[in-house]
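In the text below, chain A, chain B and the rest are named by the order of the sequence lines, each starting its count at 1.
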Number of protein chains: 2
Amino acid sequence: MARRKDHSREELTQLAIQAGRQIVIDQGPNALTTRKVAQAIGYTPGTLYNVFKNIDALIAAINIESMHSFADSLRTLHQPGETSESRIRRIAQAYLDFHHAQPQLWSLLFAQPLNYNSDDYHAAIHAIFDQVCDAIMPLSSSPTLARQKAKILWSTLHGICLLQQSGKLNVSEPDPAEDLLTHFLDQFLQ
Amino acid sequence: MARRKDHSREELTQLAIQAGRQIVIDQGPNALTTRKVAQAIGYTPGTLYNVFKNIDALIAAINIESMHSFADSLRTLHQPGETSESRIRRIAQAYLDFHHAQPQLWSLLFAQPLNYNSDDYHAAIHAIFDQVCDAIMPLSSSPTLARQKAKILWSTLHGICLLQQSGKLNVSEPDPAEDLLTHFLDQFLQ
DNA sequence: AAATATAATTGAACATTGTTTAATATTAAT
DNA sequence: ATTAATATTAAACAATGTTCAATTATATTT
């Protein structure tokens with residue numbers, strides 16, 4: 001068998017990403033296999049390797065889409081007249097909202113070590129992180145301090161979602177992510 | 001072949017845990033396979049299944065040991081006359097030290113979703129986390145707030161190490177984990 | 001238009017995984 | 001001494017990522 005040319009290279013790429021994304025949403029990161037993705041788009045695994053170098057590259061592509069989508073939602077939420085504090089709080093809440101709305105995509109993106117690096121991946125991270133830095137900049141005395149504060153905020157958001165997802169520390173009381181975040185931000189924004 | 005009885009059940013358990021631990025240290029979490037562990041202890045994979053339910057149970061056992069070891073180091077570091085601030089700072093630094101000294105064991109423990117739960121696992125987490133809560137308690141007005149603060153500290157430590165390990169945000173400047181931690185604690189301990 | 005080159009697609013295979021199981025050999029109990 | 005219980009293994013299974021020769025459709029050249 002050979003060359004159907006039903007789809008262009010770019011179409012195939014998008015088909016695979018969307019199919020893979022849906023598999024992750026429905027069945028979790030562990031269910032993302034080349035055979036499942038291939039079957040979902042009506043091709044065989046071999047074809048995927050003509051478009052992606054390996055499955056890590058496909059995972060990276062799905063993650064890049066998640067990041068751009070999140071970056072877009074951050075841009076949408078931004079209102080020029082807003083105080084820095086309000087903007088930071090809304091960015092943080094948006095992170096929690098993403099985790100709540102798409103826990104499986106969040107896991108694929110943040111809860112699993114990634115073995116694939118690329119400029120696109122790098123750029124997608126910055127499409128998010130630069131906005132966090134921007135929001136914090138007005139409250140800091142130097143760009144270096146602002147960057148550090150942004151990394152601390154980012155780290156804490158990661159950790160809070162991981163903690164909630166693993167459910168490992170819910171003995172006496174659950175402590176909803178929102179409560180932890182509020183508690184953290186009240187001090188962080190002093 | 002059958003029944004050599006070179007080792008008791010408990011001896012086999014410990015052999016497997018130590019062999020697995022060393023494989024993770026030397027070659028990383030992904031190198032931890034039943035066949036490698038079995039070969040390292042001079043048995044076959046089937047024998048491991050007579051001792052562990054599956055490989056996730058072995059991973060959990062290795063993690064439990066890591067946690068007890070870390071909990072011990074926290075106990076060792078504790079000095080009765082110390083201020084709360086100093087104790088908290090040293091606990092946090094110990095977390096970073098663990099990550100620095102054993103990055104692979106840290107990854108197995110914290111950077112990968114675990115699919116195996118047990119009372120022992122739960123107890124090991126608390127052997128650590130209860131000490132963090134204890135250290136924070138004197139600075140808080142209620143046990144609930146102390147627990148929340150402990151979770152925030154814990155989350156941030158996680159996040160900082162994850163960030164450093166992934167190396168994804170080291171564009172303009174690396175921002176060593178120690179700097180981020182100091183920056184965080186200076187505000188956290190106010 | 002014919003011949004040739006290029007590229008896409010597949011099926012089949014390979015190596016590695018985790019895991020199960022029937023067979024077997026050793027120990028323990030009767 | 002016979003029987004029962006148990007530990008161990010080899011072999012097999014299913015599922016995974018990945019590679020590749022063979023094949024066929026399109027593009028290019030003559």
Side-chain angles (χ1 to χ4, degrees), chain A residues 1-17 19-21 23-24 26-63 104 107-108 112-118, chain B residues 1-17 19-21 23-24 26-63 104 107-108 112-118:
Chain A
M1 288 293 166
R3 193 143 194 170
R4 289 154 37 185
K5 198 67 177 176
D6 291 346
H7 304 96
S8 72
R9 205 176 187 78
E10 181 55 29
E11 283 171 336
L12 262 182
T13 305
Q14 283 308 313
L15 278 176
I17 291 175
R21 189 182 121 97
I23 290 169
V24 172
D26 293 338
Q27 310 169 52
N30 290 339
L32 187 71
T33 68
T34 54
R35 285 172 175 83
K36 272 192 192 152
V37 173
Q39 188 185 3
I41 66 177
Y43 284 81
T44 59
T47 298
L48 288 177
Y49 284 83
N50 196 29
V51 176
F52 299 96
K53 190 191 172 191
N54 53 35
I55 200 176
D56 288 325
L58 172 55
I59 292 174
I62 297 172
N63 282 341
Q104 307 281 34
S107 290
L108 190 76
Q112 289 188 314
L114 183 60
N115 308 307
Y116 196 85
N117 250 319
S118 70
Chain B
M1 290 288 170
R3 192 145 194 170
R4 290 155 35 187
K5 197 69 179 175
D6 292 346
H7 305 95
S8 71
R9 206 176 186 78
E10 181 55 29
E11 283 171 338
L12 262 181
T13 305
Q14 284 307 314
L15 279 175
I17 292 174
R21 189 182 121 96
I23 290 170
V24 171
D26 294 338
Q27 311 169 51
N30 290 339
L32 187 71
T33 67
T34 54
R35 284 172 176 82
K36 272 191 191 150
V37 173
Q39 189 185 2
I41 65 176
Y43 284 81
T44 58
T47 298
L48 288 176
Y49 284 84
N50 196 28
V51 176
F52 298 97
K53 190 191 172 189
N54 53 35
I55 199 175
D56 287 324
L58 172 55
I59 292 174
I62 297 172
N63 283 340
Q104 308 281 35
S107 289
L108 190 75
Q112 289 187 313
L114 181 60
N115 306 308
Y116 196 85
N117 249 318
S118 69

Inter- and intrachain pairs under side chain to side chain donor-acceptor pair (under 3.5 Å), touching residues 26-36 of chain B, at least two apart: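 Pairs touching residues 26-36 of chain B that pass the test: B:Gln22-B:Asp26, B:Gln27-B:Lys36.
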Separation between CG of A:Leu58 and OH of A:Tyr49, rounded to the nearest 0.5 Å: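 Rounded to the nearest 0.5 Å, the CG-OH separation comes out at 9.5 Å.
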To the nearest 0.5 Å, tell me how far B:Gln112 CD sits from B:Asn63 CG.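 B:Gln112 CD to B:Asn63 CG: 9.0 Å, rounded to 0.5 Å.
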Do you know the tightest heavy-atom contact between B:Leu32 and B:Ile62?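 Minimum heavy-atom separation between B:Leu32 and B:Ile62: CD2-CD1, 4.0 Å.
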Minimum-distance pair of heavy atoms, taken over all atoms of B:Ile23 and B:Ala31: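 Closest heavy-atom pair between B:Ile23 and B:Ala31: CG2-O, 3.5 Å.
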Contact class for B:Leu48 (heavy atom, under 4.0 Å): base, sugar-phosphate, or nothing?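 Touches nothing.
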Determine the contact category for B:Leu32: base if any of its heavy atoms lies under 4.0 Å from a base atom, sugar-phosphate if only primed atoms, P, OP1 or OP2 are that close, otherwise nothing.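 Here B:Leu32 touches the backbone only, sparing every base.
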Side chain of B:Tyr43: nearest nucleotide among D:dT18, C:dG11, D:dT9?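 Minimum distance to the B:Tyr43 side chain belongs to D:dT9.
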B:Thr34 has a side chain; which of C:dG18, D:dA7, C:dT9 sits nearest to it?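 The closest nucleotide is C:dG18.
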Calculate the interatomic distance between [X] atom [atom1] and [N] atom [atom2]; express it in whole Å.
| X | N | atom1 | atom2 | answer |
| --- | --- | --- | --- | --- |
| B:Tyr49 | D:dT9 | OH | P | 15 Å |
| A:Glu11 | C:dA8 | CD | P | 13 Å |
| B:Tyr116 | C:dG18 | OH | P | 16 Å |
| B:Asn50 | C:dT19 | CG | P | 15 Å |
| A:Asn30 | D:dG17 | CG | P | 11 Å |
| B:His7 | C:dT27 | NE2 | P | 14 Å |
| B:Ile41 | D:dA7 | CD1 | P | 15 Å |

Under the side chain to side chain contact (heavy atoms under 4.5 Å, CB included) rule, collect the residues that match up with A:Ser107, sequence neighbours excluded.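 Side chain to side chain contact (heavy atoms under 4.5 Å, CB included) check on A:Ser107 returns A:Pro29, A:Ala111, A:Gln165.
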Which residues pass the side chain to side chain contact (heavy atoms under 4.5 Å, CB included) test with A:Asp56, not counting sequence neighbours?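 Result, side chain to side chain contact (heavy atoms under 4.5 Å, CB included) vs A:Asp56: A:Asn54, A:Ile59, A:Asn115, A:Tyr116.
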Return the residues of residues 51-58 of chain A meeting this criterion: a heavy atom under 4.0 Å from some atom of DNA chain D. Order them by number, or give none.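 Per residue number, the list reads A:Asn54, A:Ile55.
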Are the side chains of A:Thr47 and A:Ile41 in touch, meaning some heavy atoms are under 4.5 Å apart?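 Counting from C-beta outward, A:Thr47 and A:Ile41 never come under 4.5 Å.
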For a quick test of your reading: what N or O donor-acceptor pairs under 3.5 Å do the side chains of residues 8-16 of chain B make, sequence neighbours left out?
| residue | atom | partner | partner atom | Å |
| --- | --- | --- | --- | --- |
| B:Ser8 | OG | B:Glu10 | N | 3.4 |
| B:Ser8 | OG | B:Glu11 | N | 3.1 |
| B:Arg9 | NH2 | B:Asn50 | O | 2.6 |
| B:Glu11 | OE1 | B:Ser8 | N | 2.7 |
| B:Thr13 | OG1 | B:Arg9 | O | 2.8 |

Give each protein N/O atom lying under 3.5 Å from an N/O atom of nucleotides 13-16 of chain C, with the pair distance.
none

